There are 2 protein chains.
Amino acid sequence: MAVRLQDVAAIAEVSVKTVSNVVNDYRHVRPETRARVQAALVELDYRPNLSARSLRQGRSGVIALAVPTLDMPYFAELAGSVVEAAAQRGWTVLVDQTDGLPDRERAVATGLRGHLIDGLILSPVALEGVELQRTQEDVPLVLLGEKIAGGPVDHVAVDNEAAARAATTHLLDLGRRRVAAIGYQSSADAASGVAALRRRGYEAALAAAGHDVDASLTPEVPGYLRSDGAEAMSALLGLPWPPDAVFCFNDLLALGALRTLADRGLRVPDDVAVIGFDDVEDGRYSVPRLSTVAPAKESIASDAVDMLADRIARRDQVAAREIRVGFDLVPRESTLGRTGQP
Amino acid sequence: MAVRLQDVAAIAEVSVKTVSNVVNDYRHVRPETRARVQAALVELDYRPNLSARSLRQGRSGVIALAVPTLDMPYFAELAGSVVEAAAQRGWTVLVDQTDGLPDRERAVATGLRGHLIDGLILSPVALEGVELQRTQEDVPLVLLGEKIAGGPVDHVAVDNEAAARAATTHLLDLGRRRVAAIGYQSSADAASGVAALRRRGYEAALAAAGHDVDASLTPEVPGYLRSDGAEAMSALLGLPWPPDAVFCFNDLLALGALRTLADRGLRVPDDVAVIGFDDVEDGRYSVPRLSTVAPAKESIASDAVDMLADRIARRDQVAAREIRVGFDLVPRESTLGRTGQP
DNA sequence: CCGCCTCTTTACAACGATGTAAATCCACGT
DNA sequence: ACGTGGATTTACATCGTTGTAAAGAGGCGG
């Protein structure tokens with residue numbers, strides 16, 4: 001069966017608590033005793049029962065990360081970074097997929113996992129800040145990637161509006177006149193989310209350049225997948241006066257758009273320039289290489305974990321905070337064309 | 001504070017055990033009592049303490065999934081499917097990243113997480129079957145994606161050799177004469193792994209067609225990332241007599257190779273045909289669309305979870321089994337060219 | 001040689017849930 | 001009215017660990 005402190009204690013001929021003290025590096029243990037216990041620990045290959053420890057201490061060393069889906073490279077990369085950052089604190093990460101469903105997000109946020117987890121990092125799609133008002137009974141929570149309007153919840157996010165504006169401005173600076181946007185969503189759920197913020201940045205950039213928003217250039221998409229981008233691009237190309245540039249609200253949409261452009265035999269960026277958002281690995285190897293806006297992903301993950309650690313330690317003693325991480329505009333072939341190559 | 005069975009019991013004016021019985025749907029509870037307890041449960045918003053439950057029952061309802069990294073789409077997609085399949089059994093998945101390091105794989109396999117997890121699904125890169133010999137103390141284990149030679153461990157895998165052979169044969173059937181392979185690895189760790197099996201399939205296909213293996217056409221790669229594929233392709237194109245087709249041991253390598261070919265201005269498949277392995281989403285939208293071998297991923301995930309459930313239930317009472325999942329050859333533009341399009 | 005302080009070790013209770021076995025209730029047949 | 005057997009409820013111990021408080025062991029100044 002499993003090895004318990006008691007078994008080790010028997011071998012080392014000390015009390016259970018002394019073994020516990022050795023395991024936990026308690027100061028006042030005679031070196032000789034410590035050595036004897038260590039030997040017994042090794043001999044029996046003791047491993048603490050985390051459930052018992054967690055029950056006793058009220059903390060488990062496990063945090064949860066809830067993302068819409070791991071199938072999207074952005075979230076997969078993010079999950080990887082979070083797992084990494086958590087490991088550095090000795091924490092383990094339990095991954096939940098919400099599929100962007102309000103119910104699942106709510107369930108997760110209100111403590112789906114019983115008292116198993118010490119905290120939660122949630123990347124919300126559907127829920128608004130208000131919905132996530134914390135009661136003091138709930139799990140410590142940090143939100144990712146979305147600016148919650150005044151919600152009393154810690155969160156880490158890039159300045160979506162500014163980043164979207166930078167991307168759009170980049171297209172305008174290249175001299176493009178009909179700059180479309182792929183990523184608009186009108187469902188109530190999405191109204192306060194990433195879609196709305198990036199939309200605002202896009203429209204602000206157009207306004208600053210003296211352009212009106214042309215509704216036909218901002219098709220709605222049901223999701224943010226490659227297929228959605230491909231279909232939206234098809235629709236745009238069916239217009240009497242199609243766009244000469246497209247800002248896609250994430251890289252997957254952009255990759256889908258590139259695919260459609262290739263199918264139609266259009267040249268990128270000559271006929272249509274394309275820029276995405278997220279800087280996922282795929283875009284660095286696509287043909288053509290995808291221009292994008294790169295949020296500081298490593299920061300997002302580590303800041304979120306740090307913030308959560310702080311929230312766990314101080315519970316309700318401190319007001320909700322917001323961390324803004326930086327972003328970079330990364331122009332590549334899909335807006336600049338081939339450079340320096342034959 | 002947290003709501004305990006005791007608090008609910010006090011409100012409902014019954015014993016703690018009766019509340020527990022209601023929570024667990026025990027048969028013999030008077031409907032009237034049950035109703036009263038239910039009401040109290042709802043009123044206090046009771047949630048079981050999973051640590052306590054786990055301590056008492058010896059099972060936690062949490063399984064671990066250990067993959068090299070979530071950054072690789074294949075593993076991300078797999079993780080998503082496993083989380084899904086586990087959720088259907090009411091299990092939660094704890095994701096570990098091994099980075100393909102022997103130490104991490106060993107640590108995970110020998111029960112890194114203490115008694116927190118009920119079982120482990122491991123996708124090994126570095127470790128051989130022998131290393132993973134189970135002792136009865138260890139966590140129930142299911143291996144993914146690799147045929148362990150005779151190791152007494154449950155595992156789920158595609159027939160890598162047959163699949164690799166099918167991919168290679170597909171290239172030969174197109175009339176290609178110099179078929180390269182990207183994905184060879186010679187490190188001892190990898191000797192029994194996926195690399196070796198796919199290599200065997202590749203060589204078998206060549207042999208069946210009466211070709212010799214040309215060492216210059218099988219460059220070694222340090223990893224299985226896009227960058228590795230891009231570099232290997234560069235090396236191949238530097239040969240006096242470059243290949244007219246390439247079988248890449250996974251889709252990322254293939255996507256990297258496509259990128260290099262585009263940079264050199266070579267046409268795919270006209271100049272060089274490319275086929276990958278894994279059928280990740282990226283390949284369906286790449287330019288050109290990537291031909292590949294598609295393992296039955298959904299089966300892999302659900303079979304692994306089923307197998308683990310069975311292993312958990314029966315522990316050592318049953319011999320190690322092996323589940324073979326099917327695969328499909330999926331020819332797309334990177335070998336067939338544009339079809340049906342203008 | 002005593003008392004006190006520090007170092008070291010220990011016994012015991014507690015974390016919250018559930019299995020066991022025993023207690024209590026109730027309806028029914030005699 | 002009484003015994004029997006099933007339904008229902010309960011007290012208690014237990015899972016493995018750690019905090020608390022107290023006991024035991026030495027050492028030192030007075």
Side-chain angles (χ1 to χ4, degrees), chain A residues 1-41 44-62 90 111 113-118 137 139, chain B residues 1-41 44-62 90 111 113-118 137 139:
Chain A
M1 292 293 132
V3 176
R4 299 158 301 152
L5 286 182
Q6 182 149 177
D7 305 320
V8 178
I11 299 264
E13 298 180 293
V14 294
S15 75
V16 171
K17 188 65 215 291
T18 296
V19 181
S20 168
N21 286 338
V22 170
V23 170
N24 294 289
D25 279 324
Y26 179 66
R27 275 182 302 276
H28 303 302
V29 178
R30 212 165 19 138
E32 178 191 313
T33 312
R34 183 183 298 275
R36 196 145 37 90
V37 173
Q38 294 280 21
L41 285 170
L44 297 181
D45 190 25
Y46 169 79
R47 286 156 211 277
N49 181 319
L50 297 190
S51 297
R53 185 177 276 178
S54 154
L55 172 60
R56 183 63 237 250
Q57 309 198 120
R59 296 188 294 105
S60 62
V62 177
R113 298 303 170 207
H115 306 249
L116 186 69
I117 61 174
D118 294 342
E137 324 255 324
V139 185
Chain B
M1 290 298 128
V3 177
R4 299 159 300 151
L5 284 183
Q6 181 149 173
D7 305 318
V8 178
I11 301 263
E13 297 180 295
V14 294
S15 76
V16 172
K17 189 65 216 292
T18 296
V19 181
S20 168
N21 286 338
V22 170
V23 170
N24 293 288
D25 279 323
Y26 179 66
R27 274 182 302 275
H28 304 302
V29 178
R30 214 165 19 139
E32 177 190 311
T33 312
R34 183 183 300 275
R36 197 145 34 89
V37 172
Q38 294 279 20
L41 285 170
L44 296 182
D45 190 26
Y46 169 79
R47 287 156 209 277
N49 181 319
L50 297 191
S51 296
R53 186 177 275 179
S54 155
L55 172 60
R56 183 62 237 248
Q57 308 198 120
R59 295 188 294 105
S60 62
V62 177
R113 298 302 171 206
H115 306 249
L116 185 71
I117 61 173
D118 295 342
E137 325 253 325
V139 185

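The structure presented is a predicted model; accordingly, all values stated were derived computationally and were not measured. All values below come from the heavy atoms of this structure, side chains included, with hydrogens, waters and symmetry mates left out. Order of the sequence lines sets the chain letters (A, B, ...), proteins ahead of strands, with each chain counted from 1.
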Undergrad: Just grab all the salt bridge (charged side-chain N to carboxylate O under 4.0 Å, His left out) pairs involving residues 3-17 of chain B, residues at least two apart or on different chains.
TA: R4(B)-D7(B)
Undergrad: For the pair made of CD in Q6(B) and P in dT18(C), what is the distance, rounded to whole Å?
TA: 14 Å
Undergrad: Testing S51(B), S60(B), S54(B) one by one against S51(A) for a side chain to side chain donor-acceptor pair (under 3.5 Å), which residue passes?
TA: S54(B)
Undergrad: Report which part of the nucleic acid N24(B) touches: base, sugar-phosphate, or nothing (heavy-atom distance under 4.0 Å, all strands).
TA: sugar-phosphate
Undergrad: Which residues pass the side chain to side chain contact (heavy atoms under 4.5 Å, CB included) test with Q57(A), sequence neighbours left out?
TA: R53(A)
Undergrad: Tell me the interatomic distance from R4(B), atom CZ, to dA14(C), atom P, rounded to whole angstroms.
TA: 12 Å
Undergrad: Looking at V37(A), V19(A), N49(A), which one forms a side chain to side chain contact (heavy atoms under 4.5 Å, CB included) with L5(A)?
TA: V19(A)
Undergrad: For DNA chain C, produce a single dot-bracket line, 5' to 3'. Pairs: Watson-Crick or G-U wobble, both distances under 3.5 Å. Symbols: ( ) within strand, [ ] crossing, | other strand, . unpaired.
TA: ||||||||||||||||||||||||||||||
Undergrad: For L55(B) and N21(B), find the nucleotide of DNA chain D closest to each by heavy atoms; which residue's nucleotide sits nearer the 5' end?
TA: N21(B)
Undergrad: Going 5' to 3' on DNA chain D, which nucleotide is the first and which the last to come under 4.0 Å of a heavy atom in chain A?
TA: dG16(D) to dT20(D)
Undergrad: Considering all heavy atoms of both residues, which atom of V3(B) and which atom of L44(B) are nearest to each other, and what is their separation?
TA: CG2-O, 3.3 Å
Undergrad: By the 4.0 Å heavy-atom rule, please label V23(B) as base, sugar-phosphate, or nothing.
TA: nothing
Undergrad: With rounding to the nearest 0.5 Å, note down the distance linking CG in D25(A) to CZ in R34(A).
TA: 6.0 Å
Undergrad: Just how far is it from atom CZ of R27(B) to atom CG of N21(B), taken to the nearest 0.5 Å?
TA: 11.0 Å
Undergrad: Could you list all N or O pairs between the protein and nucleotides 19-24 of chain C that sit under 3.5 Å apart?
TA:
unit_1, atom_1, unit_2, atom_2, d
dG19(C), N7, K17(B), NZ, 3.0

Undergrad: Examine dT10(C): is either OP1 or OP2 under 4.0 Å from a nitrogen or oxygen in the side chain of T18(A)? Give yes or no.
TA: yes
Undergrad: Please state how far atom CG in D25(B) lies from atom P in dT18(C), giving the value in whole angstrom units.
TA: 12 Å
Undergrad: I want to check something: taking the side chain as every heavy atom from C-beta on, are L41(A) and V23(A) in contact at a cut-off of under 4.5 Å?
TA: yes
Undergrad: Name the closest nucleotide to the N49(B) side chain, picking from dG16(C), dT8(C), dT10(C).
TA: dG16(C)
Undergrad: Please list, by residue number, the residues of residues 31-41 of chain B whose heavy atoms come closer than 4.0 Å to an atom of DNA chain D; answer none if no residue qualifies.
TA: T33(B)
Undergrad: When all nucleic acid strands are considered with a 4.0 Å heavy-atom cut-off, which category describes Y26(B): base, sugar-phosphate, or nothing?
TA: base
Undergrad: Which heavy atom of R59(B) sits nearest to which heavy atom of D118(B), and what is that distance?
TA: CA-OD1, 3.4 Å
